[in-house]
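Presented below is the structure to which this report refers.
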Amino acid sequence: MATLILKATEKCNSNCYYCDVVRKEKTGQSMSLEMLERVFIRINEFLMGRPEENLTVIWHGGEPLLLGPDYYRTAVKFQEMHCAESKSRIGHSLQTNLTCFEEEYIDVLQALGIDHLGTSFDPEPHMRGPGRPCNSDEYNRRFMKGLHILERRGFPWGLIYVVTRKSLERPLDVFYFLSNLSTGKGFSMNPVLIYDEERKDVAISPEEYVEFLAAIFPEWWEHRGRHGAVQPFQMLADNIIDGKVTLFCGDSGECARGFINITPDGNASQCGRSEDWGLLQYGNIKEKSFEEIFQDEQRTCLEERTRYLKEHDCKGCRFWPLCHGGCPLDGYWNTKDFMNKTDWCEARRGFIARHFEPVTGVRFDPEAFEKRISHVR
Amino acid sequence: MIRQAIVFPFREDLLCRLRGLAVVPRVQSLENIGDVLNPIYHAGANTRCVLVESEVPLTSAGLHQGLAGIPVALAVPRLGPLSDFFRLLPVLRQLSIRVFLPIGVEGNLTTLRILSSLGIGTTIVLDGKEPDWDGLADLMTYAFFGQVPHASIDPFNYLGDNFDPGSRNEFEAVYFDDPRAYLHLDPEGRVALTRDALKRGDFLAGDLESIRNGIEGLEAFRSRMSAWSDHFLALDACSTCPGWRVCSGRFARHRQPDDNCRGFCAELLDNLEQYRATRRQPVTSWQP
């Protein structure tokens with residue numbers, strides 16, 4: 001399964017406190033229709049060359065719905081025009097803040113094959129919204145308006161919550177708020193990633209993230225049927241208890257050949273963060289096919305990393321199959337070298353060993369999990 | 001098309017507007033009930049039930065055998081003398097009646113339990129007074145798990161029958177207050193979405209004719225249906241309540257939400273899940 005992160009616009013109508021996109025100098029660009037057409041031509045070329053492959057397009061930003069419904073109608077037209085034979089192997093998802101979502105988007109997003117919207121919310125005032133300080137009142141009202149349209153039309157959606165220093169004051173209240181808002185649909189609680197000094201006031205350490213999760217986990221575990229698939233808990237339960245294999249990009253050890261991030265001007269890179277940091281740049285889709293981009297030599301360093309960490313930093317770690325050293329970009333940040341495990345390693349290990357296993361009474365069996373991974377792959 | 005039942009203060013001059021609709025006439029007493037039902041029948045409306053809002057105790061409400069077969073929702077402030085009640089009981093048991101009692105009145109939690117155990121359906125009325133939360137929790141447990149056969153106690157049993165673990169669960173319909181199921185008329189025939197809106201004089205339409213194509217597309221209806229999100233915008237205590245999805249703020253409507261109602265709603269949610277998990281399924285007997 002290949003994943004294309006399509007940043008069709010870097011414009012955003014919000015100025016979320018912890019977001020890096022709005023801090024980039026080159027904000028404000030949107031992908032031209034000519035470039036969008038090129039994307040679909042490249043998708044088709046790639047899929048026709050790999051008859052067994054599927055590809056998921058993640059529409060990202062910026063705020064992708066600022067492009068307007070006509071933009072997506074054109075995307076549908078391009079897909080029909082250029083991917084007639086391969087479109088059954090193309091999936092789409094979209095990550096939006098919902099604040100400019102209108103009823104008329106439903107039909108066109110469905111026509112494109114999007115049957116689920118990813119969104120995000122923060123109950124803490126002044127974290128999300130336009131302006132500085134963020135006008136969260138206005139943002140939240142518009143978010144709810146979008147949510148009501150989705151609910152009325154029965155359109156599925158999911159929620160991401162970013163855990164910041166402000167979250168640490170009352171973890172269970174935050175958890176109930178999110179569970180109540182999503183009523184069993186589940187949500188993700190991801191740690192805030194801050195890489196500058198200016199916003200250190202909301203940053204959290206891996207240990208603080210563990211404590212935040214630990215305050216919530218017993219409630220989720222006892223009532224997991226009620227709260228739904230809350231991440232990272234559900235993923236751990238799937239992998240450790242339920243005999244499944246569910247690993248996100250940063251944990252799979254296999255992100256090297258599976259992802260392309262494309263910016264509005266057609267530049268390809270490994271992922272959103274690698275683009276932000278000017279790393280793992282693979283050229284422009286005007287000159288290069290997706291196949292060439294997926295075969296880019298730079299990607300071998302990511303494969304090397306997995307092999308290296310298993311024999312060095314992560315040697316003997318029983319949680320290796322669940323983590324594979326974590327996200328390479330996280331590992332890169334402190335030393336400017338990919339051959340490091342993620343800074344969040346202790347958070348993962350600490351949470352599983354000190355909280356997940358004692359609460360559930362189930363100990364992770366790395367050998368059995370490795371076998372399942374081999375079977376899946 | 002209007003799909004809701006119309007709750008209206010009984011007046012003959014309103015009947016001509018109700019042809020073909022399901023209706024709930026509101027009256028103050030059960031006297032001369034035939035004078036209410038016959039004109040409705042002849043006007044071509046279909047009586048869902050009669051809503052009696054009485055100010056006298058149940059034992060003085062004028063219940064009699066002639067009401068048999070007529071669905072009656074009887075709101076009374078209290079039971080009345082127990083001796084009178086037991087004299088009335090044989091009649092009461094023949095009626096299709098549901099008794100609404102406010103929980104802020106001392107002794108009513110016990111009355112609700114007695115009525116239920118005698119096979120008479122009841123509904124607790126949240127009257128804005130501070131409830132006896134422990135007593136209410138006991139009543140809830142009895143409603144769900146009482147081993148002795150007993151009639152339903154709403155909204156608990158309504159929730160038990162309709163509980164969807166993956167949704168917000170509302171129970172306003174048991175109070176004729178869910179605009180998906182009921183609309184309210186004032187004496188002039190103006191239409192309100194809810195009982196509170198009726199009291200405030202906040203009307204959706206000047207008459208039923210102007211909403212004959214239905215109300216689901218109207219902004220006021222949509223706004224009412226999405227009112228739950230106000231709790232999340234206000235970041236109030238309901239938004240972080242463990243029992244939110246079985247209350248949606250209803251128990252806190254006339255009071256500030258606090259640990260009492262949060263604790264009660266959390267227990268309600270636990271009980272509902274347990275009730276749904278352990279409820280006996282209908283058994284189909286083998287037959288040759």
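Note that this is a predicted model, so its numbers are computed, not measured. Heavy atoms only: backbone and side chains are in, while hydrogens, waters and symmetry mates are out. Chain letters run A, B, ... following the sequence lines, proteins first and then strands; every chain starts at 1.
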Take A/Phe187 and A/Phe175 through the test ring pair (Phe, Tyr, Trp, His ring centres under 6.0 Å) and record every step on the way to the result.
-> CA-CA 10 Å; A/Phe187 51 91; A/Phe175 174 72; 5.8 Å; yes
Applying side-chain contact (heavy atoms from CB on, under 4.5 Å) to B/Leu159 and B/Met140, what does each step give before you reach the verdict? CA-CA 11 Å; B/Leu159 281 168; B/Met140 165 177 65; over 6 Å; no
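Within the 4.5 angstrom heavy-atom criterion, only side-chain atoms of A/Leu147, from C-beta onward, approach chain B.
With sequence neighbours left out, the side-chain contact (heavy atoms from CB on, under 4.5 Å) criterion links B/Pro165 to B/Phe163. The side-chain hydrogen bond (donor to acceptor under 3.5 Å, both in side chains) search around A/Asp242 returns none, not counting sequence neighbours. Considering only residues two or more places apart in sequence or on other chains, A/Phe356 meets the ring pair (Phe, Tyr, Trp, His ring centres under 6.0 Å) condition with A/Phe217.
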Any idea which donor-acceptor pairs are under 3.5 Å between chain A and chain B?
residue  : atom : partner  : partner atom : Å
A/His148 : NE2  : B/Ser229 : OG           : 2.9
A/Ser179 : OG   : B/Arg245 : NH2          : 3.1
A/Asn180 : ND2  : B/Ser239 : O            : 2.9
A/Asn180 : ND2  : B/Cys241 : O            : 3.0
A/Arg226 : O    : B/Arg245 : NH1          : 2.7
A/Arg226 : O    : B/Arg245 : NH2          : 3.4
A/Arg226 : NE   : B/Glu273 : OE1          : 3.4
A/Arg226 : NE   : B/Glu273 : OE2          : 2.8
A/Arg226 : NH2  : B/Asp270 : OD1          : 2.6
A/Arg226 : NH2  : B/Glu273 : OE1          : 2.8

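The CD1 atom of A/Ile149 lies 12.0 Å from the CZ atom of A/Phe155; values are rounded to the nearest 0.5 Å.
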